[in-house]
Amino acid sequence: MANRGGFSSKLGFIMAAAGSAVGLGNIWGFPYEVGQGGGAAFVVMYLIFCFLLCFPVMVTEIAIGRKSQKNAVGAFNYLGFKKWNIVGKMGILCGVLILSFYNVIAGWAFGYIFEMASSNFGIADHFGDYVLNIFRVGLYGLVFMAVTAYVVSKGVSGGIEKAAKLLMPTLLFLIVSLVLYSFTLENSMAGVKFYLIPDFSLMTGSVIYNAMGQAFFSLSLGMGALITYGSYVSKNDNIITSAAFITLADVGIALIAGLMIFPLIGYMTEGTMSEVGRGPALIFVTLPQIFGSIGGSWGAAVGTIFFVLLCFAALTSTVSLLEVPVSYVVDELNVRRKRAVWLVAGLIYLIGIPSLLGNGYSEFFSHFVTYIGADSATDFLSFMNHVANDTLLPLGGCLIVFFAAHVWKKENLDEELAQGAPNYKGSFVQKYLNFAVSYLAPIVLGTVFVLTVLSTFFGINLI
Ligand code: PHE
């Protein structure tokens, strides 16, 4: 068998996996979901899901990957359950769909670097026109995809790991600097309050589904990204502690991103927090307005740094999204890595074109479907997001843990987890993981999956 490569150290793996986890989901998605979902009540749900449910799923994915040393489909074959490789295939499809629209958003963010650097804060009022200029934003997306492909083509330790080791610490530095800055502004405390003091009367069914979807998406779970990265992990590494670091890094960065954005919104709205529910436009419309009100070269500097940071975060995630189908094509179809990378990246870029056009340019893609019971139509990008993130990820996660506990069997999972973790057997962590992987996670994820499908696509809200 050809040498598949691997991470050069435990730290390298943690950085790359944390890089996969930390992305647009944390810095763009998390704050807007918090804003729409009632502030701190959403945050509390999100934390519960991350630690109690998602952590066990993450551990399981990494263990399946490391045991088999295979891509998301090959892993199931290797373990002897060929029929189950449908879960891996679904994961690859999901990764392809996510990357197709994720790259569009990353392209917008990339273009904003130039807008901020040239003090064009007025872009905030013209975001609608900005995304309509499809040749320009299409080109930004193309550049972003090409950079992603370049990193992936350099292989696991030479490309993915190297990029993550450089980008992740830079990201942390930039984001902490922005938090400190935002705290110096007037009315910043109104934002902090909104963000950190929960009002549980705001906790509705959709807050719960969204928190679940957000936790899954943010931790890169449910589609085999961590099976794939896990397949490059050394047998001597401790999977439990690695997964704990990755979860903490991801949750930590999301929380810090909130600490950066909500004080800024407090400042701009003079403490009323009125802009906070703007949804996906939050960072493309509201933030530039804020940078504009800071004014002068400070505003331009802060704005530029913010979008550079966002692009760094997005890049380590797009790299992991691309690696999932690429490693499948390399392992199973015997294509050379370089060729596989450019072919797959090109294809995914094309699949992303409807998402690019569906923001007003094309009537058809902008009003792509109307769900049963909905008042208005949903655009193509949001539709992809609902199908992939909100639906396929929890379903994939549910099937992966069910598979590990009841088909592959939890004794085998335990065996793999104990490798490199001498104190694992007999520990409290082992007991909790056994319970969570066998019962808690499959039941809760299965339920959330059904409730989400009913609520999103059929307008039936059972809770
Ligand atoms: N976790 C990434 C983010 O938060 C997105 C992602 C999802 C990456 C699934 C890989 C797999 O932006």
Side-chain angles (χ1 to χ4, degrees), residues 15-34 46 49-50 54-55 57-58 61-62 65 71-72 88 90-109 144-145 148 151-152 160 163-164 167-168 171 175 210-230 243 246-258 280 283 309-328 344 348 381 384-397 400:
M15 286 288 202
S20 164
V22 174
L24 294 175
N26 303 60
I27 300 170
W28 165 73
F30 179 72
Y32 95 64
E33 296 269 10
V34 173
Y46 169 78
F49 282 137
C50 282
C54 294
F55 175 72
V57 179
M58 178 181 290
E61 282 204 30
I62 300 173
N71 62 84
M90 194 176 86
I92 291 179
L93 172 71
C94 191
V96 166
L97 296 182
I98 293 180
L99 182 54
S100 78
F101 71 80
Y102 197 95
N103 187 66
V104 171
I105 302 168
W108 294 343
F144 208 90
M145 186 65 92
T148 304
V151 173
V152 175
I160 298 176
L167 297 179
M168 292 304 286
L171 175 94
I175 198 170
N210 289 346
M212 176 86 230
Q214 175 63 23
F216 250 75
F217 180 74
S218 179
L219 289 165
S220 304
L221 296 176
M223 50 152 281
L226 290 176
I227 295 183
T228 308
Y229 271 19
I246 298 162
T247 307
L248 285 174
D250 185 61
V251 171
I253 298 267
L255 292 177
I256 299 176
I283 65 162
L309 170 163
L310 190 62
C311 287
F312 280 4
L315 182 62
T316 46
S317 298
T318 52
V319 161
S320 73
L321 284 162
L322 183 59
E323 178 63 22
V324 174
V326 163
S327 98
Y328 168 71
V344 175
I348 297 178
L381 194 156
M384 284 285 118
N385 190 16
H386 293 150
V387 170
N389 299 358
D390 299 348
T391 314
L392 293 179
L393 292 185
L395 176 64
I400 289 171

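No hydrogens, no waters, no symmetry mates; every other heavy atom, side chains included, goes into these values. Each ligand, and each atom within it, is numbered from 1 in the order the structure gives.
Looking at F30 and I253, their side chains never come closer than 4.5 Å, going by heavy atoms from C-beta outward. In this structure, the side chains of V324 and N71 stay at 4.5 Å or more apart for every pair of heavy atoms.
Enumerated by chain and number, the residues approaching ligand 1 to less than 4.0 Å through a heavy atom are S20, A21, G23, L24, G25, N26, Y102, F217, S218, S220, M223, S317, S320, L321.
The two residues T247 and L219 come nearest to each other via the heavy atoms CA-CD2, 4.0 Å.
The only member of I92, L321, L93 that meets side-chain contact (heavy atoms from CB on, under 4.5 Å) when paired with M223 is L321.
Checking side-chain atoms of T316 against main-chain N and O of G19 turns up a donor-acceptor pair under 3.5 Å.
For residues 387-397, the pairs satisfying side chain to side chain donor-acceptor pair (under 3.5 Å) are N385-N389, with sequence neighbours left out.
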